[in-house]
There are 2 protein chains.
Amino acid sequence: MSEEWSDTEISTLLNDNGMRATPQRMAICKELLLKKCHRTPNELHEELCQRFPTISPNTVYLTLSQLESSGLIRRFYVDGQAIYDSNTATHDHIYCRVCKLLLDVGTENSIHTPKCTEEWSIEWGTRVWSGVCPKCH
Amino acid sequence: MSEEWSDTEISTLLNDNGMRATPQRMAICKELLLKKCHRTPNELHEELCQRFPTISPNTVYLTLSQLESSGLIRRFYVDGQAIYDSNTATHDHIYCRVCKLLLDVGTENSIHTPKCTEEWSIEWGTRVWSGVCPKCH
DNA sequence: AACTAATTAGTAATAACTCCTAAATAAGAG
DNA sequence: CTCTTATTTAGGAGTTATTACTAATTAGTT
């Protein structure tokens, strides 16, 4: 994936995955795909409200769900909260249970896929390490 | 941890962790700790209703939360659903997104703790691999 | 430019979980 | 063994994240 996305590139990406390039959807993609980042649906909705004051949470949920079905983003949960991640490569996370900070983290040998599961088709995996960050102890 | 737990052992375990050994709580511990297993709060509640027809979901939620605070069980989330795990050792899981099957799984080198995080105090970590199980494809 | 299926915003509904309170009870003190 | 008290319980109310539904709008094709 390139670091920079033009409007036409995002538009094409959406169309290639069977989605129409509406302004709302373009904005969601820019917010998520341009930066390799984590977002909750609610965080995204609040950010988008600045440019689209009437955008509904529903639209955000729906778009995120479609992007995930297309494999363009991943979803996982931390403390019961859905997190969408534009970094689709298998990687680990580290989570501070005090301040809720969530970061990508490198782990040695972390991308080994499971043993004893030849017959499964594994699509992806993520790990969350929980603890307390430097600032919180 | 031993494989078998007597009533007195569970009772002592609870008291050692500042919890009273009520019949409801004993039953929850037996259900979770006796078998190394995964349970959702709702699954547990339904199981306990057979012996305690009036037990409230609230009691189950509260007890699970206390057991987790004591480190006797772990909580993580799959597809937005809380899962309590009586296997507190760091290990991985494999999840079928079709039939919702969730299994423990061995992964090579999977328990390496994260690099570059000297200042964090890591308490535990779990990984979930997502895909489709043999029966579902 | 017109057409049509996809998309949107808004509202209602659901599910999981938490908060609150009065009654019941486990466990220590006497 | 009984008394006492802080913990625990059940039940109901409240909250939050998410999904379902619907009518109006719109992107992208013809």
Side-chain angles (χ1 to χ4, degrees), chain A residues 7-8 10-29 31 38-70 73 75-84 97 100 102, chain B residues 7-29 31 38-70 73 75-84 97 100:
Chain A
D7 279 13
T8 24
I10 292 182
S11 175
T12 304
L13 185 73
L14 287 171
N15 288 331
D16 286 352
N17 284 280
M19 303 169 73
R20 290 186 176 173
T22 67
Q24 293 92 331
R25 214 169 257 169
M26 297 279 287
I28 291 173
C29 286
E31 199 59 43
H38 311 121
R39 284 284 187 285
T40 68
N42 191 48
E43 282 168 356
L44 263 175
H45 179 248
E46 283 178 6
E47 287 165 2
L48 289 160
C49 275
Q50 296 173 10
R51 246 204 292 172
F52 300 90
T54 63
I55 195 170
S56 75
N58 199 354
T59 300
V60 178
Y61 278 110
L62 197 59
T63 299
L64 289 172
S65 167
Q66 291 169 313
L67 291 172
E68 202 226 346
S69 295
S70 300
I73 59 177
R75 179 179 63 167
F76 61 98
Y77 288 83
V78 177
D79 261 359
Q81 173 61 66
I83 311 279
Y84 283 92
R97 63 171 164 76
K100 316 297 180 193
L102 181 71
Chain B
D7 278 13
T8 24
E9 277 173 333
I10 292 184
S11 175
T12 303
L13 186 74
L14 287 171
N15 288 330
D16 286 352
N17 285 280
M19 303 169 72
R20 290 188 176 172
T22 66
Q24 293 91 331
R25 216 168 255 170
M26 297 279 287
I28 291 172
C29 286
E31 198 59 41
H38 312 119
R39 284 285 186 284
T40 67
N42 191 48
E43 282 169 357
L44 264 175
H45 179 249
E46 284 178 4
E47 286 166 3
L48 289 160
C49 275
Q50 295 174 10
R51 246 203 292 173
F52 301 91
T54 64
I55 195 171
S56 74
N58 198 357
T59 300
V60 178
Y61 279 112
L62 197 59
T63 299
L64 289 172
S65 167
Q66 291 169 313
L67 291 172
E68 202 226 346
S69 295
S70 300
I73 58 177
R75 178 179 62 166
F76 61 98
Y77 288 83
V78 177
D79 262 0
Q81 173 61 66
I83 310 281
Y84 283 91
R97 64 171 165 76
K100 316 297 182 193

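These numbers come from the heavy atoms of this one structure, side chains and all, not from hydrogens, waters or symmetry mates.
Residue contacts for P53(A): at a heavy-atom cut-off of 4.0 Å it reaches no nucleic acid atom on any strand shown. P57(B) comes within 4.0 angstrom of nothing in the nucleic acid, heavy atoms only.
Taking five base pairs at each end of the helix from dA1(C)-dT30(D) to dG30(C)-dC1(D) and finding the rotation axis that steps the C1' atoms of four pairs onto the next four gives two axes whose angle is 40°, to the nearest 10°.
Rounded to whole angstrom, the span from the CE atom of M19(A) across to the C1' atom of dG28(D) amounts to 15 Å. Atom CD of Q24(A) and atom P of dA27(D) are 8 Å apart (whole Å). Atoms CG (N15(B)) and C1' (dT7(D)) sit 12 Å apart, rounded to a whole Å. Look at CG on D79(B): it is 18 Å from P on dA17(D), rounded to the nearest Å.
Between dT9(D) and T22(B), a contact under 4.0 Å exists linking OP1 or OP2 to a side-chain N or O. One finds a side-chain N or O of Q81(A) lying less than 4.0 angstrom from the OP1 or OP2 phosphate oxygen of dT18(D). The side chain of R25(B) contributes an N or O atom lying less than 4.0 Å from OP1 or OP2 of dT8(D).
Residues H38(A) and Y84(A) form no side-chain contact, since every pair of their non-hydrogen atoms from C-beta on lies 4.5 Å or further apart. R39(A) is listed as a side-chain neighbour of E47(A), based on a closest heavy-atom distance under 4.5 Å. The closest side-chain heavy-atom distance from I28(B) to L67(B) is below 4.5 Å. Using a 4.5 Å heavy-atom threshold, the side chains of Q81(B) and K100(B) count as separate. Inter-residue side-chain proximity for T40(B) and E43(B) is flagged as met; some heavy-atom pair is nearer than 4.5 Å. Looking at L44(B) and E31(B), their side chains come closer than 4.5 Å, going by heavy atoms from C-beta outward. With a 4.5 Å cut-off on side-chain heavy atoms, T54(B) and F52(B) do not count as touching.
With a cutoff of under 4.0 Å to any heavy atom of chain A, the contacted region of DNA chain C is bounded 5' to 3' by dA5(C) to dG10(C).
Judged by distance alone with a 3.5 Å cut-off, a donor-acceptor contact links the side chain of N58(B) to the base of dG11(D).
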### Task
Show your reasoning for whether side-chain contact (heavy atoms from CB on, under 4.5 Å) applies to R25(B) and Q66(B).
CA-CA 10 Å; R25(B) 216 168 255 170; Q66(B) 291 169 313; 3.0 Å; yes

### Task
Determine, step by step, whether S11(B) and T8(B) satisfy the side chain to side chain donor-acceptor pair (under 3.5 Å) criterion, reporting the C-alpha distance in whole Å, the side-chain angles of both residues, the deciding distance to 0.1 Å, and the verdict.
CA-CA 5 Å; S11(B) 175; T8(B) 24; over 6 Å; no

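Between the side chain of H45(A) and the main chain of I55(A), a donor-acceptor pair closer than 3.5 Å is present.
In terms of position on DNA chain C, the residue among Y77(B) and S11(B) whose nearest nucleotide sits closer to the 5' end is Y77(B). Where N42(B) and R20(A) meet DNA chain C, the nucleotide closest to each residue was compared, and R20(A) sits on the side nearer the 5' end.
Using a cutoff of 4.0 Å between basic side-chain nitrogens and carboxylate oxygens, D79(B) and R75(A) are scored as salt-bridged.
Of all heavy-atom pairs spanning N15(B) and R20(B), the tightest one is OD1-CA, 4.0 Å.
Scanning residues 62-70 of chain B for heavy-atom distances under 4.0 Å to DNA chain C yields an empty list.
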